[in-house]
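Working notes, beginning with the structure itself.
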Amino acid sequence: MSMGDCKSMRPVMEGEDDLIAAARNIARALGSKKNLTDGEREILANLGTQLSTMISLSEKKGEKSGDIEDRLNSIQERVMSWEADQSMIWNSGPNESLEYVKAVEEARRFVERLEGLRLNKDDQEYEVLQKAYDVLQTAMARLEDEFKYMLVENRQPFEPEHMSFRSSEEDIVDGSSIISFGDDSFEDSLQRDSVSRASEEVIIDLVHPDVVPELRGIANLMSNCKYDQECIQAYTSIRRDALDECLSILEVQRLSIEDVLKMEWGCLNSKIRRWVWVMKIFVRVYLPSERWLSDQIFGELGTVYLDCFVEASKPSVLQLMNFGEAMSIGPHQPEKLFRILDMYEVLVDLLPDIDGLYVDEAGSTVRIECHEVLMRLGDSVKATFSEFENAIASNASTNPVAGGGIHPLTRYVMNYLRTLTDYGETLNVLLNDCDEGDSISLSPDMSPTTEEENKSTDTSGRISPMLRHYRSLVSTLECNLDDKSKLYKDASLQHIFLMNNLHYMAQKVKGDELRLLFGDGWIRKCNGKFQQHAMNYQRASWSSILSLLKEEGIQNPGSNSISKTLLKERLRSFYLAFEEIYKSQTTWLIPDPQLREDVQISTSLNVVQAYRTFVGRHSNDISDKLIKYSADDLQNYLLDLFEGSSKSLQNSSRR
């Protein structure tokens with residue numbers, strides 16, 4: 001029916017012409033506009049509110065107060081009928097829950113209608129409105145209870161053993177790689193934990209999917225009734241408890257920073273490994289699922305779902321970050337570096353996921369805290385690396401290693417560096433920050449000569465941060481070993497010690513990823529060093545004894561004839577010196593079989609050949625009873641050297 005038709009049905013009252021004309025003008029204007037300005041929307045909204053109030057006042061005049069109260073009593077009866085019942089409404093069947101929702105909707109509309117009347121305390125209906133408020137509040141309390149009950153009772157069990165992130169149980173709890181600085185068992189025990197970077201976000205059902213629509217309906221209804229905050233608080237409280245339980249299932253304890261700092265390294269090591277594993281599951285499985293659940297329940301209410309997710313999950317995330325912060329504080333012990341690097345790398349890997357989960361202002365606290373913990377862990381890596389170099393330099397010994405063998409510090413440092421190469425990309429980033437503005441160019445003799453060595457330099461020929469620090473560490477180690485060699489009184493044993501340790505260093509670099517980092521040039525230089533010590537050993541040990549087999553000084557005075565007395569004395573002195581060397585140097589140790597054989601052969605070539613020549617040249621002047629050992633005897637005896645077990649020629653099995 002048009003406005004013209006309405007006008008023709010009854011006489012036009014005074015003033016109505018202007019009102020009808022204005023309404024028609026508005027209608028025409030609206031028909032010609034596609035979009036409204038903000039000002040136009042505000043005016044039309046106010047007009048609608050005023051019109052609604054006028055209609056309500058008109059209806060108020062037409063409806064008796066008794067009828068209004070009767071309607072409220074009917075609603076109240078349906079709401080209160082469940083208050084005496086201990087059973088849950090949504091457990092009683094779909095019909096019961098639907099009827100209850102209808103009653104609540106009626107109560108809501110009833111309250112809104114009375115509020116629209118703008119009642120005063122003196123109005124007869126004001127008391128009815130207060131009663132309606134009580135009915136609606138009772139209904140909201142019941143809906144909150146039903147909401148919480150469904151959330152708790154329909155939680156799905158969280159089973160981490162089914163997650164694709166699961167590493168072996170031995171990896172998580174094994175504490176075998178707990179090695180203190182300089183421990184000789186480091187080589188066999190240190191292995192890097194794997195940090196998978198290929199895992200993607202996984203969504204699992206944290207609440208049974210059948211009840212999610214019911215939960216969403218209750219949330220929407222409570223929001224419509226202006227009780228959204230009560231619903232949100234109930235949800236966040238229950239889901240916060242669920243997240244706490246999740247961490248408990250994953251065996252994550254709530255620890256203060258003080259607790260972590262006081263913890264023994266053996267226990268702490270296992271907790272760090274578990275933290276790395278838990279972070280991957282928590283961020284890539286549980287948190288996305290938690291946000292998805294919040295979206296399913298509160299998604300129709302705008303960004304409320306984000307607030308719910310953040311408030312529910314923030315305490316658990318901050319608990320995990322608190323452990324990371326505690327680890328970053330220190331102390332910066334070298335054995336902790338690998339675990340801190342594991343923590344740093346997994347957090348770097350997960351930060352994009354975290355930033356995506358905690359968006360906008362609502363999640364800023366969590367995002368900022370995670371980034372700050374990452375920065376602190378990075379600082380801890382740099383401080384620990386620096387402390388490692390200091391520990392090498394200051395590592396003092398009062399007693400030499402038995403037999404001039406490989407020092408535990410050498411094993412520790414080289415295996416430490418070998419394992420650190422697995423973290424090369426991360427270390428180059430962190431150590432580059434540490435060395436910013438301190439670029440060092442390669443000297444001509446150390447310039448890369450192979451494709452592999454070029455990988456350790458940039459386009460300007462500058463050493464990578466990691467290689468720069470590695471070379472500094474190895475140089476520090478060499479200086480320390482040189483000091484430790486002085487603990488040996490025998491100069492020959494000093495050279496054996498340095499030869500052993502430099503050879504070990506070269507072999508470690510030659511055998512794996514360290515070769516790509518140090519390059520063949522460094523290996524050749526190190527080989528030259530230990531070979532020089534091998535030659536120095538020959539001179540220090542055998543020069544004086546070989547001088548006894550020279551021709552000078554055995555002629556009779558005033559003639560060229562050989563003095564048998566001097567010849568006999570020379571042989572006797574040679575045998576005594578050889579036996580003394582044999583007795584001492586069988587206790588010395590060259591652990592590497594090939595190096596030991598090389599030194600034995602080199603010694604044999606010098607000593608046996610000189611002895612055979614000397615005895616052969618003077619065979620006519622030397623009786624058989626003066627020959628204590630044959631050349632073959634000496635050659636065989638030299639094979640007993642450097643085995644690390646004391647022997648003497650008096651009890652040798654070859655006698």
Side-chain angles (χ1 to χ4, degrees), residues 177 186-198 334 337-342 344-346 348-349 378 381-382 384-386 388-389 392 406 409-436 438-478 481 501-531 592 594-595:
S177 63
F186 188 91
E187 178 175 7
D188 299 324
S189 61
L190 180 60
Q191 291 183 344
R192 180 197 176 179
D193 285 351
S194 61
V195 178
S196 171
R197 295 174 181 264
L337 180 57
F338 301 98
R339 294 292 170 252
I340 297 174
L341 277 165
D342 287 336
Y344 180 89
E345 287 195 347
V346 79
V348 165
D349 192 35
V381 168
K382 290 181 280 188
T384 305
F385 200 94
S386 177
F388 177 52
E389 185 168 3
I392 296 172
I406 300 168
L409 180 65
T410 307
R411 295 183 186 273
Y412 184 93
V413 170
M414 296 310 297
N415 286 287
Y416 195 99
L417 296 181
R418 183 184 64 182
T419 304
L420 274 181
T421 58
D422 291 340
Y423 303 89
E425 183 178 342
T426 298
L427 284 174
N428 271 325
V429 171
L430 292 174
L431 296 178
N432 187 54
D433 293 342
C434 187
D435 298 336
E436 200 66 46
D438 185 27
S439 300
I440 301 176
S441 296
L442 289 168
S443 59
D445 63 317
M446 293 303 291
S447 296
T449 57
T450 66
E451 181 181 350
E452 288 78 9
E453 289 177 76
N454 275 303
K455 294 179 181 177
S456 297
T457 62
D458 62 18
T459 56
S460 303
R462 287 188 294 267
I463 306 173
S464 70
M466 186 173 175
L467 177 56
R468 183 185 306 128
H469 283 268
Y470 267 37
R471 287 186 174 177
S472 176
L473 286 168
V474 169
S475 177
T476 302
L477 174 61
E478 286 188 44
L481 290 173
N501 284 269
L502 287 167
H503 177 267
Y504 181 86
M505 292 163 64
Q507 291 302 108
K508 280 296 176 181
V509 171
K510 187 187 299 183
D512 51 25
E513 295 84 356
L514 286 175
R515 183 171 196 157
L516 299 178
L517 191 64
F518 279 87
D520 290 339
W522 185 92
I523 295 174
R524 286 193 296 271
K525 188 174 182 180
C526 192
N527 284 342
K529 289 179 181 179
F530 81 72
Q531 288 167 1
D592 184 85
Q594 186 60 53
L595 179 61

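Remember, it's a predicted structure, so these values are computed and weren't measured experimentally.
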Does I392 form a side chain to side chain contact (heavy atoms under 4.5 Å, CB included) with Y412? I'd like the steps, not just the answer. CA-CA 10 Å; I392 296 172; Y412 184 93; over 6 Å; no

Is there a side chain to side chain contact (heavy atoms under 4.5 Å, CB included) between L337 and L420? Walk through the geometry before answering. CA-CA 9 Å; L337 180 57; L420 274 181; 3.9 Å; yes

Can you give me the closest heavy-atom contact between [X] and [Y], atom names plus distance?
{"X": "L514", "Y": "M414", "result": "CD1-O, 4.1 Å"}
{"X": "G378", "Y": "L430", "result": "CA-CD2, 3.9 Å"}
{"X": "Y470", "Y": "L417", "result": "OH-O, 2.7 Å"}

How long is the gap from [atom1] on [X] to [atom2] on [Y], to the nearest 0.5 Å?
{"X": "L517", "Y": "R418", "atom1": "CG", "atom2": "CZ", "answer": "14.0 Å"}
{"X": "D592", "Y": "Q507", "atom1": "CG", "atom2": "CD", "answer": "6.0 Å"}
{"X": "S472", "Y": "L477", "atom1": "OG", "atom2": "CG", "answer": "11.0 Å"}
{"X": "L431", "Y": "M466", "atom1": "CG", "atom2": "CE", "answer": "8.0 Å"}
{"X": "N501", "Y": "L409", "atom1": "CG", "atom2": "CG", "answer": "9.0 Å"}

Once the angle between the rings of F518 and W522 is folded into 0 to 90°, is it parallel (under 30°), tilted (30 to 60°) or perpendicular (over 60°)? tilted

Do the ring planes of H469 and F385 sit parallel (below 30°), tilted (30 to 60°) or perpendicular (above 60°)? perpendicular

Taking only residues two or more places apart in sequence or in another chain, which ones pass side-chain contact (heavy atoms from CB on, under 4.5 Å) with E478? V474, L502, M505, K529

All side-chain contact (heavy atoms from CB on, under 4.5 Å) counterparts of N527, not counting sequence neighbours: A506, K510, I523, F530, Q531

Short question: side chain of [X], backbone of [Y] - any donor-acceptor pair under 3.5 Å?
{"X": "T419", "Y": "N415", "answer": "yes"}
{"X": "Y416", "Y": "P334", "answer": "yes"}
{"X": "S475", "Y": "R471", "answer": "no"}

Quick one: list whatever passes ring-ring contact (aromatic ring centres under 6.0 Å, His included) with Y344, sequence neighbours left out. none

Partner set under side-chain hydrogen bond (donor to acceptor under 3.5 Å, both in side chains) for T421, not counting sequence neighbours: none

With a 4.5 Å limit on heavy-atom distance, are the side chains of L341 and D422 in contact? no

